[in-house]
Amino acid sequence: QVQVVESGGGLVQPGGSLRLSCAVSGSTFRAYVMGWYRQAPGKQRELVAKITPFGSTNIVDSVKGRFTISRDNAKNTVYLQMNSLKLEDTAVYFCKARLEHDYWGQGTQVTVSS
């Protein structure tokens, strides 16, 4: 069973930065398309960023220029660097590993507040 574990969330002031990490178990990490999603209270879960096995990235417009996704295949880990955080970035952030199936983590809370 593939395990996906997020970390790095927390409370940050507007304009601040956080880096989320997502560790994936198993030996096929480099084959996964990895994605970061978020879900704010009362809203649907939405894609934030994704990265292919070849390193191609897709960042949604609402965070483009502020968030960066990267992966370290040697560490089975994908990262989400979040800069210039805004109040509206507050959400639970989820990591997903996708190959033949989708594997989700339990989520990590990011709260942007003054």
Side-chain angles (χ1 to χ4, degrees):
Q1 180 69 19
V2 176
Q3 291 187 321
V4 179
V5 180
E6 305 96 335
S7 60
L11 174 64
V12 63
Q13 292 185 338
S17 297
L18 281 175
R19 188 176 81 155
L20 305 183
S21 299
C22 171
V24 181
S25 66
S27 60
T28 56
F29 174 79
R30 61 181 66 248
Y32 291 125
V33 175
M34 297 299 303
W36 283 100
Y37 294 73
R38 66 185 180 186
Q39 187 166 18
K43 294 188 177 181
Q44 289 191 332
R45 192 172 298 187
E46 62 176 1
L47 174 68
V48 176
K50 62 181 179 181
I51 185 167
T52 72
F54 305 103
S56 297
T57 62
N58 181 30
I59 311 291
V60 298
D61 287 345
S62 60
V63 304
K64 195 169 291 184
R66 300 189 296 121
F67 290 13
T68 303
I69 187 170
S70 61
R71 66 192 297 160
D72 185 337
N73 290 336
K75 296 182 178 180
N76 280 22
T77 301
V78 64
Y79 303 98
L80 185 68
Q81 178 66 45
M82 305 186 295
N83 299 327
S84 302
L85 282 160
K86 303 177 180 180
L87 298 176
E88 53 264 40
D89 295 319
T90 294
V92 179
Y93 283 71
F94 296 90
C95 178
K96 186 183 80 172
R98 179 178 178 87
L99 189 56
E100 295 178 349
H101 304 283
D102 290 343
Y103 303 96
W104 289 91
Q106 80 291 347
T108 185
Q109 176 70 47
V110 172
T111 302
V112 184
S113 175
S114 56

Search all heavy atoms of Ser25 against all heavy atoms of Gln3 and return the closest pair with its distance.
OG-N, 2.8 Å
Exercise: identify the closest heavy-atom pair between Leu80 and Ala49:
CD1-CB, 4.2 Å
Enumerate, atom names and distances included, each donor-acceptor pair closer than 3.5 Å involving a side-chain atom of residues 26-37, sequence neighbours excluded.
unit_1 : atom_1 : unit_2 : atom_2 : d
Thr28  : OG1    : Tyr32  : OH     : 3.2
Tyr37  : OH     : Lys96  : NZ     : 3.1

Which residues satisfy the side-chain contact (heavy atoms from CB on, under 4.5 Å) test with Val63, sequence neighbours excluded?
Arg38, Val48, Ile59, Val60, Arg66, Phe67, Asp89
Please check if Leu99 and Val4 belong to a single hydrophobic cluster, counting links between Ile, Leu, Val, Met, Phe, Trp and Tyr side chain heavy atoms closer than 4.5 Å.
yes
So, Glu6 side chain and Cys22 main chain: donor-acceptor pair closer than 3.5 Å or not?
no
In this structure, would Tyr79 and Leu85 fall into the same cluster of hydrophobic residues linked by side-chain contacts under 4.5 Å?
no
Could you grab the distance from atom CG of Leu20 to atom OG of Ser7, nearest 0.5 Å is fine?
8.0 Å
Of the non-hydrogen atoms in Ser84 and Ser17, which two are nearest, and what is the gap between them?
N-OG, 4.3 Å
Assigning hydrophobic clusters by single linkage (Ile, Leu, Val, Met, Phe, Trp, Tyr; side-chain heavy-atom cutoff under 4.5 Å), is Val5 placed with Leu18?
no
Student check: side-chain heavy atoms of Val24 and Val2 closer than 4.5 Å
yes
Out of curiosity, Glu100 CD to Tyr103 OH, how far, rounded to the nearest 0.5 Å?
7.5 Å
Quick check for you: to the nearest 0.5 Å, what is the distance between Arg19 atom CZ and Asn83 atom CG?
11.5 Å
Could you pull out all residues at least two apart from Ser56 that satisfy side-chain contact (heavy atoms from CB on, under 4.5 Å)?
Thr52
Just by distance, with hydrogens left out, do Glu88 and Thr90 show a side-chain donor and acceptor under 3.5 Å apart?
no
Go through it in stages, so that I can follow the logic: the residues are Ser113 and Leu11, the test is side-chain contact (heavy atoms from CB on, under 4.5 Å), and I'd like the CA-CA distance, side-chain angles, deciding distance and then a yes or no.
CA-CA 7 Å; Ser113 175; Leu11 174 64; 4.0 Å; yes
Under the rule for side-chain contact (heavy atoms from CB on, under 4.5 Å), what residues qualify as partners of Gln39, not counting sequence neighbours?
Arg45, Phe94
Residues, nucleotides or ligands: over 12 heavy atoms within 6.0 Å of Gln106 CD:
yes
Test salt bridge (Lys or Arg N to Asp or Glu O under 4.0 Å) applied to Lys64 - qualifying residues, sequence neighbours left out:
Asp61
For residues Ser114 and Pro14, report the shortest heavy-atom separation together with the two atoms involved.
N-CD, 3.8 Å
Ala23: what forms a side-chain contact (heavy atoms from CB on, under 4.5 Å) with it, not counting sequence neighbours?
Thr77
Atom CE of Met82 and atom OH of Tyr93: how far apart are they, to the nearest 0.5 Å?
5.5 Å
Please answer: with hydrophobic residues joined when any side-chain heavy atoms are less than 4.5 Å apart, are Val92 and Ile69 in the same cluster?
yes
